[in-house]
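I have placed the structure first, in the form of structure tokens, so that the comments after it can refer back to it.
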Amino acid sequence: MEVYNTLTKKKETFRPREPGKVSMYVCGPTTYNLIHLGNARPLVVFDTIRRYLTYRGYAVTFVQNFTDIDDKIITRAAEEGAEPLALSERYIKEYFQDAAALNVLPADVHPRVTEHMPVIIDLVVRLLERGFAYEVEGNVYFAVTRFPEYGKLSGRSLDEMLAGARVEVDPRKRHPMDFALWKRSRPGEPAWDSPWGPGRPGWHIECSAMSLHYLGPGFDIHGGGADLIFPHHENEIAQSEAATGQPFVRYWLHNGFITVNREKMSKSLGNFFLVREILEKFPPSVVRFFLLNTHYRSPLDFDDTRLAVAGRALDRLRVSARLLEEGLENGRERAAGAEEEALLSELERFKDAFIRAMDDDFNTAQAIGVFFDLAHRVNGYLHRSQPPVRAALAAARELYRDFNRVLGLFPVDEQTGRFVFEEPCFGGKAEQLLELLIAVRQEARQRKDWTTADRIRAGLRELGIVLEDTPEGVRWRVV
RNA sequence: GGCGGCAUAGCCAAGAGGCCAAGGCGGCGGUCUGCAAAACCGCUAUUCGCCGGUUCGAGUCCGGCUGCCGCCUCCA
């Protein structure tokens with residue numbers, strides 16, 4: 001397996017710290033608002049990476065933090081007249097709702113800053129003891145000049161950073177690039193006791209403290225958006241390696257940005273789309289497909305049209321999976337013939353191709369291509385062989401499930417293990433009404449009353465419900 | 001100003017030296033159908049931003065140019 005490591009700027013063979021086990025940490029959200037699509041990309045990407053590593057037999061320990069106290073939370077809370085920690089709590093709940101909708105599995109641990117103060121303070125103390133940090137009036141700063149390798153992740157030297165610096169220099173800092181490990185709190189702000197007085201952690205120290213706490217130094221994968229490379233991850237390396245004297249992380253993975261009109265989607269530009277809003281217009285599986293249909297390191301331009309196109313593409317896989325399930329119901333328990341033998345051997349080929357794609361730096365775009373090849377092949381078999389051989393289809397369904405286990409595109413019914421084809425926005429009485437309309441139309445068709453039949457079909461199409469007349473009866477689906 | 005990335009068909013997007021340049025959307029023709037839809041069959045880039053170079057051989061490596069984007073400031 002090969003992964004692109006931001007630290008070395010090249011693909012490397014993936015060798016975990018411990019054979020058979022993978023430890024990974026992904027920077028989670030600062031909980032002061034609902035997540036937008038740009039925030040959702042790393043969620044879906046690293047969820048998929050985690051799923052794939054699990055699929056490949058690794059015992060994965062996956063940690064994703066919540067930054068539940070920081071300046072932005074305090075500011076936002078003040079605006080709303082809310083308590084900062086209550087605000088965080090609320091948005092953590094909202095986060096889990098969006099993540100679940102996108103079929104993102106919960107991490108093994110979701111540590112929060114406010115619940116790890118002793119661990120964070122210990123790390124700051126250690127940095128002070130080792131001479132990598134200094135205190136000024138209740139604030140503690142990391143001294144970048146004491147860490148010669150500062151800049152190794154983002155690929156620039158302190159001099160280069162200074163040359164382009166647009167930061168105003170804080171007079172309390174010894175070096176302009178020094179950054180806060182601990183910030184003294186102002187009156188009325190949330191505060192925790194520390195050897196330097198009441199305050200709260202700087203942004204970067206929490207991830208060092210919590211990842212080291214749960215995974216130990218030299219853990220395997222640290223992930224996040226490319227905008228975290230500098231300063232966040234650069235600072236994490238400096239803090240962690242200064243404190244432990246050991247390499248911090250083996251592989252740094254960074255996803256590319258979501259753009260809108262080719263410009264980065266960001267809160268500061270205001271060109272962002274909330275996951276919540278998008279899910280009002282598109283099924284979550286389409287959003288997930290859209291995110292995975294491009295390699296995770298490439299930029300991905302977003303607009304409604306592209307999502308709609310993704311939806312049509314995904315429909316192809318959805319329809320194929322459905323034809324497969326129907327084939328299994330109508331199929332025969334017959335011995336495999338030449339046609340089935342050919343299919344079975346191609347299934348092996350698709351599985352190999354899928355693994356090859358994912359082994360190459362988690363190339364989900366190529367892996368999805370293999371999924372389409374598989375669907376095409378199975379559709380062809382179904383088209384040619386009626387009734388199909390059940391054993392062959394069962395093998396095909398296993399492969400659909402394998403691919404889906406990794407990509408997480410289709411919801412699966414926990415009870416039956418079957419794919420769930422209709423999005424949960426439809427059901428109950430509405431579905432019964434639909435069945436009634438379909439029955440009426442069937443009667444019209446038997447009378448050869450094509451006007452009535454076509455009117456019902458066209459009307460339903462307007463509502464986004466497609467009817468398909470097949471020899472086995474009428475099939476409907478929501479588009 | 002410093003550092004970095006990307007440019008592949010009408011659109012989206014894989015592909016990091018060598019069988020015919022994946023896949024999807026769209027389009028065209030056909031099979032099926034009452035007509036459709038879906039599915040199936042066939043077609044849809046003599047060519048990978050431009051110019052040089054390395055090589056028996058280059059979207060794929062090197063240099064230059066052009067264009068777009070990002071980081072250097074909170075941001076996934």
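A note on names: the letters A, B, ... follow the listed sequences, proteins ahead of strands, and every chain is numbered from 1. Since this is a predicted model, take the numbers as computed values, not measurements.
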Side chain to side chain, A:Phe179 and A:Pro231, heavy atoms closer than 4.5 Å: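 Side-chain contact under 4.5 Å: no.
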Just do the side-chain hydrogen bond (donor to acceptor under 3.5 Å, both in side chains) check on A:Glu236 and A:Ser208 with the steps written out, would you? CA-CA 5 Å; A:Glu236 278 189 52; A:Ser208 288; 4.5 Å; no
Distance between [atom1] atoms of [N] and [M] (Å, rounded):
N     : M     : atom1 : result
B:A39 : B:U33 : C1'   : 12 Å
B:C48 : B:A21 : C1'   : 8 Å
B:C11 : B:U73 : C1'   : 36 Å
B:C56 : B:A13 : C1'   : 32 Å
B:G64 : B:U46 : C1'   : 28 Å
B:C61 : B:C20 : C1'   : 24 Å
B:A7  : B:G17 : P     : 16 Å

Hey, does the side-chain of [X] have a donor or acceptor N/O within less than 3.5 Å of a partner on the base of [N]?
X        : N     : result
A:Asp227 : B:G70 : no
A:Arg457 : B:A36 : yes
A:Arg156 : B:C71 : yes
A:Arg316 : B:C25 : no

Provide, to the nearest angstrom, the distance between the [atom1] atom belonging to [X] and the [atom2] atom belonging to [N].
X        : N     : atom1 : atom2 : result
A:His295 : B:G5  : NE2   : P     : 15 Å
A:Lys9   : B:C3  : NZ    : P     : 13 Å
A:Arg356 : B:G23 : CZ    : P     : 15 Å
A:Arg306 : B:G24 : CZ    : P     : 19 Å
A:Leu300 : B:A14 : CG    : C1'   : 14 Å
A:Leu307 : B:C12 : CG    : C1'   : 12 Å
A:Lys448 : B:U33 : NZ    : C1'   : 12 Å
A:Phe230 : B:G2  : CZ    : C1'   : 12 Å

Where the side chain of [X] is concerned, which of [options] is the nearest nucleotide?
X        : options             : value
A:Trp203 : B:C75, B:C25, B:G34 : B:C75
A:Arg477 : B:A76, B:A39, B:A37 : B:A37
A:Asp373 : B:A22, B:A38, B:G26 : B:A22
A:Arg312 : B:G26, B:C74, B:C35 : B:G26
A:Ala313 : B:C75, B:G34, B:G24 : B:G24
A:Glu468 : B:G15, B:A38, B:U73 : B:A38
A:Asn39  : B:G24, B:C75, B:C72 : B:C75
A:Phe372 : B:G24, B:C35, B:A76 : B:G24
A:Asp469 : B:C75, B:A36, B:A38 : B:A36
A:Asn255 : B:G24, B:G2, B:A76  : B:A76

Base, sugar-phosphate, or nothing for [X], non-hydrogen atoms under 4.0 angstrom?
X        : answer
A:His36  : base
A:Phe257 : base
A:Arg76  : nothing
A:Leu269 : nothing
A:Ser268 : base
A:Ser298 : sugar-phosphate
A:Gly38  : base
A:His376 : sugar-phosphate
A:Gly28  : nothing
A:Leu467 : base

Below 30° counts as parallel, above 60° as perpendicular, anything between as tilted: where do the rings of [X] and [Y] land?
X        : Y        : result
A:His233 : A:Trp252 : tilted
A:Trp203 : A:His232 : parallel
A:His222 : A:Tyr25  : tilted
A:Phe66  : A:Phe96  : perpendicular

Could you please name the partner base of [N], counting Watson-Crick and G-U wobble pairs only when both distances are under 3.5 Å?
N     : answer
B:C40 : B:G30
B:G23 : B:C12
B:C71 : B:G2
B:A58 : none

Do any side-chain nitrogens or oxygens of [X] fall under 4.0 Å of OP1 or OP2 in [N]?
X        : N     : answer
A:His383 : B:C32 : no
A:Ser157 : B:G2  : no
A:Asn379 : B:A39 : no
A:Lys264 : B:C71 : yes

With a 6.0 Å cut-off on ring centres, are A:Phe14 and A:Tyr251 close enough?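 A:Phe14 vs A:Tyr251: aromatic centres under 6.0 Å.
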For A:Cys27 versus A:Asn65, what's the shortest heavy-atom pair and its separation?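 It is CA-OD1, 3.4 Å.
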Going by 5.5 Å between centroids and 30° between planes, is there a stack of A:Trp450 over B:G34? yes
Closest-nucleotide ordering on RNA chain B, the 5'-leading residue of A:Pro299 and A:Asp454: A:Pro299
Taking the nucleotide of RNA chain B with the closest heavy atom to each, which residue, A:Ala453 or A:Pro42, is nearer the 5' end? A:Ala453
Think A:Arg306 forms a cation-pi with A:Phe290, using NZ or CZ under 6.0 Å from the six-ring centre and within 45 degrees of its axis?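 No, A:Arg306 does not lie over the aromatic ring of A:Phe290.
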I need the A:Asn5 CG to A:Leu253 CG distance, nearest 0.5 Å.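 A:Asn5 atom CG to A:Leu253 atom CG measures 7.5 Å (nearest 0.5 Å).
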With syn meaning chi within 90° of zero and anything else anti, the base of B:G59 is syn
